Every structure is written in structure tokens, then in C-alpha cells.
**Q** 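One structure coming up, written as C-alpha cells, with questions to follow.
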Amino acid sequence: MTKQYQFMKPYQFANGAKLQNHVVMAPVTTQSSFFDGTVSDDEVNFYRMRSGVGMIIVEVANINATGKGFEGELSVAEDRFIPGLAKIANAIHSKGSKAVLQIFDAGRKTTKEILRGKQPHSASAVAPHRDPENIPVALTEQEIEKIIKDFGEATRRAIAAGYDGVEIHGANTYLLQQFFSPHSNQRTDKWGGDVYQRMTFAKAVIAEVRKVAELYAQDDFIIGYRFSPEELSKPGITIEDTLKLVDVLSEEPIDYLHSSMGNRKRTSLINKEDNETLNHKILHVIAGRKPLIEVGNVQTPEDVEEALRAGASLVAMGRELLREPNWIEKVKAGDEKSIRYQLSPVDMDLVGLPGGLQRELRTGFLNAMNFTDQKTTSFLNKFGQVEGFGG
Ligand SMILES: Cc1cc2nc3c(=O)[nH]c(=O)nc-3n(C[C@H](O)[C@H](O)[C@H](O)COP(=O)(O)O)c2cc1C
């Protein structure tokens with residue numbers, strides 16, 4: 001008999017947008033766009049195969065050429081990208097999911113090579129710890145204003161391409177987070193200063209995105225904001241800073257918050273004595289003012305139910321929906337036993353993972369994907385070459 005899960009019930013945002021269930025696909029970069037950021041057919045197929053969840057947050061797209069973070073990245077920087085982006089939105093709509101496009105500027109988390117000779121930019125001229133030689137150029141006030149407009153233009157294009165919303169990527173150490181971090185933002189003008197002044201950029205981006213949505217979209221257009229709760233760098237973002245950000249965001253004109261974590265039950269990485277989960281603290285501060293999407297190592301239907309019981313409004317999965325594109329269909333059919341929690345490297349084509357993503361999973365995420373065969377040192381990749389697993 002099919003189980004009656006809470007998460008399979010529809011969800012409605014305060015602005016009226018309706019999701020067919022409470023499951024969200026987390027943004028997962030496939031690194032499979034063409035060289036200039038144009039959508040490839042592999043990407044369209046990847047998203048079509050995963051339609052059926054409540055909402056799919058499409059992998060991050062750059063809002064301008066100088067905000068590009070890596071090769072194979074999707075772009076929403078020019079009108080000519082709209083037709084390709086529309087193909088992804090249509091594919092996502094095929095089984096009723098809402099399509100939300102994640103938008104960003106990578107800031108200092110890129111290289112001169114990726115920017116074809118241009119030095120990366122950031123709030124201040126401070127290099128990231130992991131890349132000390134890569135000192136970014138501090139943005140001028142004029143350039144900051146231009147980037148804010150670019151977020152608005154990206155939103156206009158997402159609307160034109162048929163998306164139901166955008167997610168402002170304020171997480172994972174990209175430009176929005178760089179403005180919030182005391183490590184990368186040492187400005188003394190209105191864009192820097194204390195923890196509240198370091199939110200000025202995020203608030204300006206939200207205001208611009210909201211303004212554009214009001215001009216061009218229906219009332220139920222969804223605007224989300226993703227953030228990372230802590231940074232290990234010193235100085236860096238602490239959970240105390242993040243709780244202040246969450247409090248401010250809870251009053252901003254956005255429709256949801258999304259805490260970015262590898263494990264949704266994570267406690268502080270800095271204060272190891274504190275046993276309260278970060279999401280519990282975050283929910284306490286939000287106090288019902290906005291929905292929170294939780295993510296991180298959620299795999300089974302019971303994991304999703306547990307997150308909802310703990311107070312999450314919606315639950316996102318990344319890696320599990322890479323392994324199992326038919327997750328929702330299988331729950332719906334009462335066929336949970338056949339849900340894949342492991343993935344054979346030879347099935348990566350079968351589950352529709354584009355080539356760029358396959359390469360990434362076999363290297364950077366090798367130990368985090370539950371591959372059935374982690375010892376395999378080589379196999380034929382989709383381009384017919386033999387490749388070794390990286391570290
Ligand atoms: C291959 C890969 C690509 C990712 N790309 C993005 C991205 O484009 N934007 C983003 O905010 N997070 C990205 N993430 C993080 C995921 O959205 C998610 O937060 C993380 O994988 C933890 O969730 P999970 O345990 O369900 O996979 C990526 C993760 C993976 C594994």
C-alpha cells in the first residue's frame with residue numbers, strides 16, 4: 001500500500017504560488033553548458049528526467065560575463081540566452097514542477113583564465129585563503145550599482161524564459177557572501193562596515209530583483225535567497241552573524257530562505273561544544289515569518305518527513321536526485337524499494353547525468369556520491385575515452 005507522506009501534499013507560498021509536493025531539487029551545477037553559457041541538450045534532458053518534484057532550482061547562472069565562476073557554467077547575462085533557458089523551464093514544467101533559476105556573480109571565486117584575462121573582482125582586494133595568489137580587484141561604487149542592475153536584468157530574462165522564480169545565490173562564498181563576510185569585505189563606504197552594513201549589497205540586490213518581478217511577472221513569482229551559515233576563515237561569518245542576517249531577510253520582500261549545508265542536521269563547525277543544529281537556531285529566528293528550505297544529506301522518504309517535522313517548510317535534495325531521477329515517481333507508485341541510494345558509475349548516462357557533471361562527480365565528489373564502485377580506476381566515459389578517477 002502507498003504510504004501517506006506529508007511531503008507528498010501540495011505546498012502553497014504566501015504569494016499564492018503552488019507546488020505539487022514539498023520536495024525541491026537543490027541547485028546542482030552540471031558544468032555542461034556551451035563555452036559561452038548557452039544551454040545544451042544534455043542539460044535540458046537532465047532537468048526533464050527530474051520533473052515531478054515540487055520545485056527545481058536550476059543550477060547557478062552568471063548574470064554577467066565578469067561574474068562567471070567556472071567553465072561550462074550556465075549564463076543569463078544576455079537576451080540571446082533566453083531561448084535555451086526556456087527549453088529548461090519547459091522541461092521542468094513537463095511533469096508539473098515549478099522552475100526557479102539560481103542567479104549569481106562569482107566575485108573572487110574564479111580566475112583570470114576563466115575570465116579570459118580579466119582580474120576577478122570582489123568587495124575588497126583580499127585573496128581567498130584557498131587561493132592566496134588570486135587577489136581580486138575591489139569593485140568601485142559604480143561597478144557595484146551595475147552588478148545590482150545585472151541581477152535585475154537576469155530576473156527579467158528568467159521571467160521572459162518562463163521561469164516561476166529566481167533564487168539569489170548568497171551562499172557558497174560567491175559575491176553576495178563576499179560582501180557579507182568580514183574577511184572579504186573591508187570596505188569603509190556604505191557597502192561595508194559592521195554586520196548590518198555588510199548586508200547592504202544583499203538588500204540592494206533583493207530590492208532590484210523584486211522591482212523587476214513587480215514590473216514583468218505575475219504576483220506569484222517566487223524570489224528565494226540562499227545563504228551559507230558559517231565560514232571557517234578568520235575573520236569569517238559566524239552563526240551569530242547569520243542569525244542577524246536571517247532576522248533581516250525575514251523582513252525582506254522575498255518568498256523563502258534556503259540554508260546551504262552538506263548535512264541539514266549540522267551543528268556549528270566553529271563552536272564544537274554547541275549541540276543545537278544550525279537549522280534549529282535559524283528556524284527559531286525566522287519564527288514563521290518565511291518558509292525555510294533545508295538541504296543536506298536527505299535521501300529517504302523518512303528523511304524528508306523528519307525534516308518537515310523539525311520545522312522545514314520544504315526539503316531539498318541534490319545528490320540523491322542525481323542518483324535517482326524517478327524518486328518522486330517511485331514514492332507515488334508505492335515502489336520505494338527500488339529507489340537508488342547508490343549509483344553505479346556505468347549508470348551515469350542512464351540516469352541522464354551530463355558529461356561535465358559526470359567528470360565532476362568522479363573527481364571532486366567521488367567519496368560523497370555513494371558510488372557502488374569507488375575503487376574503479378577507469379571506465380569509458382561518455383565521450384569514449386578512458387579516464388581515471390581523481391582524488
Ligand atoms: C555536483 C554539485 C553541484 C552543485 N552546484 C550547486 C550550485 O550550482 N549552486 C548551489 O547553490 N549549490 C550547489 N551545490 C550544492 C547543493 O545544492 C546542495 O546544497 C549539496 O549538494 C547538499 O545537498 P545534498 O546532500 O542533497 O546533495 C552543488 C552540489 C553538487 C554535489
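Since this is a predicted model, take the numbers as computed values, not measurements. When a ligand or atom number is given, it counts from 1 through the structure's own listing order.
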**Q** For His280, which residues count as a side chain to side chain donor-acceptor pair (under 3.5 Å) partner, sequence neighbours excluded?
**A**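 Side chain to side chain donor-acceptor pair (under 3.5 Å) list for His280, sorted by chain: Glu276.
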**Q** Show every donor-acceptor pair shorter than 3.5 Å between a side-chain atom in residues 21-28 and any protein atom, with sequence neighbours excluded, or say none if there are none.
**A**
| unit_1 | atom_1 | unit_2 | atom_2 | d |
| --- | --- | --- | --- | --- |
| Asn21 | OD1 | Val23 | N | 3.1 |
| Asn21 | OD1 | Gly54 | N | 2.7 |
| Asn21 | ND2 | Gly52 | O | 3.1 |
| His22 | ND1 | Lys9 | O | 2.8 |

**Q** Name all residues meeting the side-chain contact (heavy atoms from CB on, under 4.5 Å) criterion together with Ala99; count only those two or more places apart in sequence or in a different chain, and write none if there are none.
**A** Ala89, Ile92, His93, Tyr163, Asp164
**Q** Kindly say whether Gln177 contributes a backbone atom to a donor-acceptor pair with the side chain of Ser181 at under 3.5 angstrom?
**A**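 A pair under 3.5 Å: no.
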**Q** Apply salt bridge (charged side-chain N to carboxylate O under 4.0 Å, His left out) to Glu306 and Arg309, showing your working.
**A** CA-CA 5 Å; Glu306 187 190 348; Arg309 281 196 300 270; 5.6 Å; no
**Q** Near ligand 1, which protein residues have a heavy atom under 4.0 Å away?
**A**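 Under the 4.0 Å cut-off, ligand 1 touches Ala26, Pro27, Val28, Thr29, Val60, Gln102, His169, Asn172, Arg226, Met261, Gly262, Val295, Gly296, Asn297, Met317, Gly318, Arg319, Leu357, Phe365.
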**Q** Would you mind telling me which of Asp255, Val100, Thr155 makes a side-chain contact (heavy atoms from CB on, under 4.5 Å) with Phe221?
**A**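 When Asp255, Val100, Thr155 are each tested with Phe221, the side-chain contact (heavy atoms from CB on, under 4.5 Å) holds only for Thr155.
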